[in-house]
Amino acid sequence: MLFLLIAFSCLLFQFFLPWWIIGPLAFGFSFWKAYSGRNAFQSAFYAVALLWAVIALIHTLENENILANRVGQLFMLPAWNFNWVIMLMVTALIGGLAAGVAALAGYYCRLAFTKR
Amino acid sequence: MKTFKAVFLLAITIITFVALDKKLGMMPPLGKFLNPFKGFWQKAELQQLPDKNFEIEGLISEVEILFDDHAIPHIFAENDHDLYFAQGYVTAMHRLWQLDFQTRFAAGRLSEVVGEKALELDRYQRRLGMTYGAENMVKELEKHPKIKAMTEAYADGINAYISSLSAEDYPVEFKLLDYKPEKWTVLNTGLLLKLMSATLAGGSDEFYMSNALGKFGPEVMNDLFPNYPFREEPIIPKGTPWKFKPIEPEASTGTSFIGHTDIKTREKREGIGSNNWAVSGSRTASGFPLLANDPHLDLTLPAIWYQIQLVGPGINVNGVSIPGAPGVIIGFNQQVAWGVTNVGSDVLDWYEIKFKNNRKEEYFHEEGWRKTSKRIETIKVRGGKTLSDTVYYTHHGPVVYTQKPKNFGKASNIPAGYALRWIAHDPSVDVATFYYLNRAKNYNDYRKALTFYTAPAQNFAFASVENDIAITANGYFPLKRSGHGKFLLNGSEKQAEWQGRIPVEHNPTVLNPPRGFVSSANQPSTDRSYPYYLNWDFAGYERANRINTRLTAMQNATADSLRKLQTDNFSVLAQNVLPLMTQALKSDHLNATEQEAFNLLSKWNYTYDAQSIAASIFEIWHKDLHKKIWDEFHDPEKPMRTPSRDRTVQLLLKEPQSRWFDVVATPVKESREQLIQASFKFAIDSLSRKFGLLGKKWQWGFVKNTHIPHLAKIPGFGSGLLFTGGSKTSVNALAESNGPSWRMVVDLGRTPKAYGIFPGGQSGNPGSVFYDDMISSWTEGQLDELLFLRSKEEKNPRIKGRLTLSKK
């Protein structure tokens, strides 16, 4: 549930807002819906990692991975044709971690600042 | 505890997001950059050309842009304004970041985007007066309303494209460096043209010439640095009559040479040069003239040139443009074709300034104290700081450095306390030349177009369907005495100053010479009969000699014969000196590797083909020999210019007993032969160390290591190794990252047929197939036929995309 909320809201908002909107969204939804730290982090991580990977994949496939392979070299990868896979994973990881941390913060903030 | 955990995690979250949103050193802002909604993935474009209509503000009527299979735009407009507007628009569409970066570089505004590390470079560009020169161009445009309107329409087109973008559409380099494109101005066009002057007419040898003069005296200098070369093959054929009465520079009692300066210098590099030629119909298969051009420049991606066809009322021109300037620079139309190479004329001099005191408000001149004017340069540095730098301007020009910056290579050839007199500061309307050439119908139009041109001076080769061929060394040439400006000059002497210009109609030119072709390869413009002085130092004659030899032998020439000449790897230098050099080895004891190398060299055909091993050996050998001969000129404390290649060849062939063969550091007296032998051993040793046993790895294509770097040297955005032949003394002057930046051959006739290629592609986006799609044909020495459309209705299978711009 939390996974879907974060994934869809991030998909929607990122079309017109900067990338960091994933932070408030992950924070907010897990503040509201998460039932454990693990649940918060995992849901947000997978939601954003998957979302970013899918969107990046759509772009890179129609580009025959030319750009991602070149950008890979910028990140010290060798000049070969598989850099795009690594770039895709790095992208998913960075997006996922950022969202995950925000979600974790959201969950613990609820624990700390609300009484139930 | 709960609270602590919450606060801690919140802090971690904030730090994470801030860090991912900020550029940290070389690292792009990772969150922003990797985000697939707005970051770099957005520039992983669909590999397909547009087919769409777009409504846009600022057009007078509709413009149709057709894209061919290399994404080259063919623009059809109903008036001049819309034509140049559309040129600006598509150039920005393909090359926006290059436009921004190059003008920032020229203007000294890189610190704004890359921070403190570019500060010294920015200072240098500003102190050279790049913006000052560009401003003078903009002022001059007021006198030429048609040209002003052209540059403004071009700027409006670029800006129309920029304002159609949102952040995710910005080129990937903007995302990497984390900044935004800004509005284009006519001043930027000026800056770009000044950058061309800086590249082609911005070098100077005066300092190390003065150092050498101080050490060796005038007699040696006259012997080793003559005002005219040993081997000559001038651009204007010998015996061409001068049809004008020359004007005399004012009489003088001699020049004010200054010796003994203690400046560190950098050698002027060879390789910024070019070839062009035109062959008369009497020598071609079709009976119509052929024209060829290949300008040699530092190669970069995105490519230096941008191909384009411009069609409108009174104009249908095809060729290459420079991103940032309207019009076509090298190209052809239905009636004429033209191409350019650099003229190595001396249009830059240094004048010593004696300030009255430390306030630098006045300086001495023989006619009385003169006042400086101050120009305050304000440099914004990314990250907050804003610095200001004061440059003092004299009547000569800016005093580039009053104190030299430490550890900044680019400034090392600039003497402190000297004012720069440079043609690039003067008012000019160079764009007008191209405006009129693009519309030229015949020889007279060509001659008229050239009168507008100032700098960097170029040899304009020309051919017309009326079977005229011509070449003109063209630009603003200051009126100088022989040898004027060979050394540093005294800024207080009136007679050391330029005395106006050589009248433009006196510039060296020839129309339809008897030999049936014209050509240039940066060698001296004329023989000694020309009544004016242009410079003492030009490129060597080798490329010109090869071109002329082959053109002389050519009958029934076709476009393909000219293509083959453009990619000719033969070295006249090797032909001239190698027999003597191998002869010297015969008396020496050689080890096995050296013997093998000797055998290869003995059989070598003097051709720098990619597979040649002999070429690699000869290249390192003759370079080291040059260094060993002129060891007297090596002084880290007081660097000097070494004599030219031409003078070195003369010494080797004609002066075997010369004292210069002796190596001063050794007690014995070396002979010419001993020096040749020592250099040979050095060459074999250094190749063995770097490439192992003599074998495939020694091939010239590997040793030369040709590759094309990205404009900002971003790793992964350049090309890999390109296994190619060519050398600086071959017609195919392709060195490591420097060489033919555009090759064009035009076959005039009832319908012109033209061929061209450049090492790169139309798009500036590293994620586009059109970023480097022309490199492989270029590497193989092939040309593509240039699509020359007569009307927008023409159906051609090579048209792959369309963009219709209509007014909003």
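Just so it is clear: chains get the letters A, B, ... in the order the sequence lines come, proteins before strands, and each one is counted from 1.
Between chain B and the options A:N83, A:L88, A:L57, A:N65, the largest number of non-hydrogen pairs under 4.5 Å is found for A:L88. When B:A44, B:A11, B:P715 are compared by the number of non-hydrogen pairs under 4.5 Å with chain A, B:A44 comes out ahead. When A:L104, A:T91, A:V101 are compared by the number of non-hydrogen pairs under 4.5 Å with chain B, A:T91 comes out ahead. The greatest number of non-hydrogen atom pairs below 4.5 Å with chain B, out of A:A112, A:G100, A:A56, is found for A:A56. Per-residue heavy-atom pair counts under 4.5 Å with chain B were compared for A:Q14, A:M87, A:E62, and the maximum is reached by A:Q14.
A salt bridge links B:D51 with B:R802: the distance from a Lys NZ or Arg NE/NH1/NH2 to an Asp or Glu carboxylate oxygen falls below 4.0 Å.
Under the 4.5 Å side-chain criterion, counting only non-hydrogen atoms from C-beta, B:Y170 is not in contact with B:K43.
Only the side chain of B:L176 comes within contact range of chain A, with heavy atoms under 4.5 Å apart. There is no contact between B:F8 and chain A, counting heavy-atom distances below 4.5 Å. Looking at A:F13, neither its backbone nor its side chain comes within 4.5 Å of chain B, counting heavy atoms on both sides.
Judged purely by distance below 3.5 Å, without hydrogens or angles, the side chains of B:E45 and A:H59 never pair a donor atom with an acceptor atom.
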Show me the donor-acceptor pairs within less than 3.5 Å that the side chains of residues 20-36 of chain B make with the rest of the protein, sequence neighbours left out.
residue: B:D21; atom: OD1; partner: A:W19; partner atom: NE1; Å: 2.7
residue: B:K32; atom: NZ; partner: B:D178; partner atom: OD1; Å: 2.9
residue: B:N35; atom: OD1; partner: B:F37; partner atom: N; Å: 2.9

Would you please test A:N63 and A:T60 for side-chain hydrogen bond (donor to acceptor under 3.5 Å, both in side chains) and show each step?
-> CA-CA 5 Å; A:N63 178 246; A:T60 192; 5.0 Å; no
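Taking the six-membered ring for Trp and the full ring otherwise, B:F691 and B:F702 have centroids separated by 6.0 Å or more.
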